[in-house]
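Here the structure is laid out as structure tokens; the discussion comes afterwards.
In this chain, numbering begins with 1 at the start of the sequence shown.
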Amino acid sequence: MNATRIAALVAAIALLGTPATLAAQTGQFVVRLGHDTLAIEQYTRTADRLLGELVVRAPRTVHQLYTATFGPGGTVEDFELVTHNVSGASGPAETKVTTRTLPYVGQSYALVEEVTRAARAAGGARYTTSMLPPGDTVPLPVTVEARGSDSLVLNIGGIGPLRARVDQAGTILGVSGIGGTSQVIVERVRGLDFAALGKSFAPRSLGRLSPPDTVRANVAGASLTVRYSRPSTRGRVIFGNVVPWNQVWRTGANEATVFETSIDLLMDGSVVPAGKYSLWTIPSPAGWKLILNKNTGQWGTAYDAKYDLARLDMSIEALQQPVERFTIVIESKGAGGVLKLEWEKTSAWIPFEVR
């Protein structure tokens, strides 16, 4: 942690004039991904300024300091984000970016709280705005939908749904991204020893949360390849929770999983011509569907059924030993092989023949 920067931040907060119309609000958030703490944040908000700091542990640990200045109408006039690489990993020691609009900074929920407050103030069942990641030129569309008196559901670009518990002013009390693309749990806390905890995280980066991997196999003369990303269990219940039942799943994380074959295959009675496909699944307690889709290169939430080549039945069985990191395996068997998906306590598989 940069002690000089932290001291300057604290001093700046102390010197801020607090208008009588709005008492300064302070807050702290802990962001978790399963049993791992992904980020911590603390902030102070007055009528015309937001000052905060954030420690994020993936892929490397960084300490971020941000300042937002608001105009009379509540719009962001200036925003500055300074990021320090405190992990010791390769990369610049410090970077600085600025913008003049409401920014989206990954794992900062004080900035998301600006949206929930605005949505509460606007009233109504639906509120829309945008957030711009610092350094980008294309803003992320943001939608907020009311769910009763104390809940809002947010989608920030492709991030969501995020189900937020809020008070009447829109202050975030907690957030759940379980079952969506974020998967985090956010808790508003008090009394967090931010400096000590941030220092302890500096040498303990989490790395890439869902690292990429490639599976290659030669089966009965066919060259087969799968490229995918591998999320970890991290102590969570996966199927029926992190991965909802009866919904299309990207079958991994990040970009859509890609399956490629050099020779025509026969799967579940359907011909799969030689070529490249994105691979999706629909998990269900009773059995899974494997989807081969002719569209490739898309992000893993951009599924379009009109490009489907086939939907095929998969068999499932319980694993004796849980699998921590999602794994795809191609095994030779007879005149063909088996495509197998394993994660947590479940194995889903489908046989194939080489034509």
Side chain of [X], backbone of [Y]: donor and acceptor closer than 3.5 Å?
X    : Y    : value
D304 : Y307 : no
Q183 : V242 : yes
N293 : N295 : yes
R236 : T233 : yes
R32  : A39  : no
N218 : G221 : no
W299 : A256 : no
D36  : L38  : no

Approximate separation, where rounding is to 0.5 Å, of [X] [atom1] and [Y] [atom2]:
X    : Y    : atom1 : atom2 : answer
R57  : L206 : CZ    : CG    : 4.0 Å
R227 : E260 : CZ    : CD    : 5.5 Å
I328 : R230 : CD1   : CZ    : 9.0 Å
I263 : R355 : CD1   : CZ    : 12.0 Å

- Shortest non-hydrogen separation from T61 to R204 and the atoms involved: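 Heavy atoms of T61 and R204 come nearest at OG1-C, 4.0 Å.
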task: Check each of N246, D313, D268 against K289 using the side-chain hydrogen bond (donor to acceptor under 3.5 Å, both in side chains) test, and report the only one that passes.
output: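 So, applying the side-chain hydrogen bond (donor to acceptor under 3.5 Å, both in side chains) to K289 and each of N246, D313, D268, only D313 qualifies.
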Considering residues at least two apart in sequence or located in another chain, which fulfil the side-chain hydrogen bond (donor to acceptor under 3.5 Å, both in side chains) criterion with R216?
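With neighbours one apart ignored, the set is empty.
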Hey, do the aromatic rings of F326 and Y228 have their centres closer than 6.0 Å?
->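 Ring-ring flag for F326/Y228: true, centres closer than 6.0 Å.
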message: So that I can tick it off, tell me whether R100 and E77 are bridged by a salt bridge, with the cut-off set at under 4.0 angstrom between side-chain N and carboxylate O.
response: no
Anything under 30° is parallel, anything over 60° is perpendicular, the rest tilted; go ahead and classify H63 against F194.
-> tilted
